[in-house]
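Written below as structure tokens is the structure these notes are about.
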Protein chains: 2
Amino acid sequence: MYSIGDLSRRTGVKIPTIRYYEQMGLIEAPERSEGNQRRYEKRELERLAFIRHARDLGLSIEAIRDLLALSEHPERPCGEADRIATEHLASVREKIARLRKLESELERIVACHGDHTIGDCYVIRALADHSMCESEH
Amino acid sequence: MYSIGDLSRRTGVKIPTIRYYEQMGLIEAPERSEGNQRRYEKRELERLAFIRHARDLGLSIEAIRDLLALSEHPERPCGEADRIATEHLASVREKIARLRKLESELERIVACHGDHTIGDCYVIRALADHSMCESEH
DNA sequence: GTAAACACTCCAGCGACTATAGATATGAGG
DNA sequence: CCTCATATCTATAGTCGCTGGAGTGTTTAC
């Protein structure tokens, strides 16, 4: 039996976050002690570790809920799980592409090295005038 | 004189967002018509375009507020503006690095191609067991 | 003069937590 | 058994940067 603090230490998920996950339906409401404190089994520890890992990988609560529901049915085909992960990979790749554009635009903008005044600062001028940009963003 | 709708069309910033920026102190409360509607000058159009551009580049409201304050003093040195942009570039680079790790982890995970069952699905097993990962994330 | 289009304020909601306040429970040492 | 530090409880509000809706009033084009 673990207290919520034990669970938190073992998974690295903060206590209020665990309660939040319970509210969001990612973990079931556990048994309670006589004094109304949450008491968890190993099962729930594992489930929380799964959630933590998926969140670290950037999956949404919604996606995790779906994956957890799938994992309750080991006999079913795993196409859906694969689809969720693949879609998430695509969205990660989009974010990377977008950030790379920002990176190169910012690189150009900060080429001004702070050795003059605001009046002719490239940072400020570039922000004021979108047409100074190389690409759309 | 522009109405809030004109401003919105010309900058691509949605109307509620313009009002939100006013609330946040990024743009001043403009004059009003007899019927209490906002009426803007060209100055405010340019200021909003600046904000839009900076937001597109991912700068926070806070950072934009600072940059706008700096741009009011063209005679001052621009080291601070440079610092803000440089710091932001660094944070963009961090995000990219992090997403790249996620990308490669997800690539490994989705290598399972949905042609079997949940019970032996790599996606589910990898999420349940962090030690299957190549690197920290 | 009328109707469509536009704008006003206020407030709630998004996602995924995080923090606070004030009350109660638990567990270890004396 | 008692005390006390620590842990936990609930409920609520705040974070960021918007976005949407309800209900009402204004402007403009015909």
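Per chain, numbering begins at 1; letters A, B, ... match sequence-line order.
Between B:Y21 and D:dC18 there is a side-chain polar atom (N or O) within less than 4.0 angstrom of OP1 or OP2.
Contacts of residues 2-20 of chain B with DNA chain C (heavy atom under 4.0 Å): B:S3, B:I4, B:G5, B:I15, B:R19. DNA chain C lies under 4.0 Å from at least one heavy atom of each of the following residues of residues 32-43 of chain B: B:R32, B:N36, B:Q37, B:R38.
Atom CG in A:L48 sits roughly 11 Å away from atom P in C:dC17 (whole-Å rounding). Distance CD1 (A:I61) to P (C:dG13): 19 Å, rounded to an integer number of Å. In this structure, A:D56 atom CG and C:dA16 atom P are separated by 14 Å, rounded to whole Å. Per the geometry, CG belonging to A:L26 stands 10 Å off P belonging to C:dA16, to the nearest Å. D:dC18 atom C1' lies 13 Å from atom CZ of B:R52, rounded to whole Å. Taking atom CD1 of B:I51 as the reference point, atom P of D:dC16 lies 17 Å away to the nearest angstrom. Taking atom CE of A:M24 as the reference point, atom P of C:dC17 lies 10 Å away to the nearest angstrom. When the C1' atom of C:dA16 is taken as reference, atom CZ of A:R55 falls 6 Å away, rounded to whole Å.
A:R32 places none of its side-chain heavy atoms less than 4.5 Å from the side chain of A:R39. A:K95 has its side chain out of reach of B:K95: every pair of non-hydrogen atoms, C-beta onward, lies at least 4.5 Å apart. Inter-residue side-chain proximity for B:R65 and B:L26 is flagged as met; some heavy-atom pair is nearer than 4.5 Å. Proximity of A:E80 to A:L67: side-chain heavy atoms (C-beta onward) are nowhere separated by under 4.5 Å.
The shortest heavy-atom contact between B:H88 and B:G58 is CE1-O, 3.0 Å.
A distance-only check finds no donor-acceptor pair linking the side chain of B:R93 to the backbone of B:A97 [under 3.5 Å]. Distance alone, capped at 3.5 Å, is enough to place a donor-acceptor pair between the A:T86 side chain and the A:D82 backbone.
In summary, A:R43 and A:E46 do not engage in a salt bridge, as defined by a charged side-chain N under 4.0 Å from a carboxylate O.
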Got a list of side-chain donor-acceptor pairs under 3.5 Å for residues 10-25 of chain B, not counting sequence neighbours?
| unit_1 | atom_1 | unit_2 | atom_2 | d |
| --- | --- | --- | --- | --- |
| B:T11 | OG1 | B:L7 | O | 2.7 |
| B:T11 | OG1 | B:V13 | N | 3.2 |
| B:E22 | OE1 | B:R38 | NE | 2.7 |

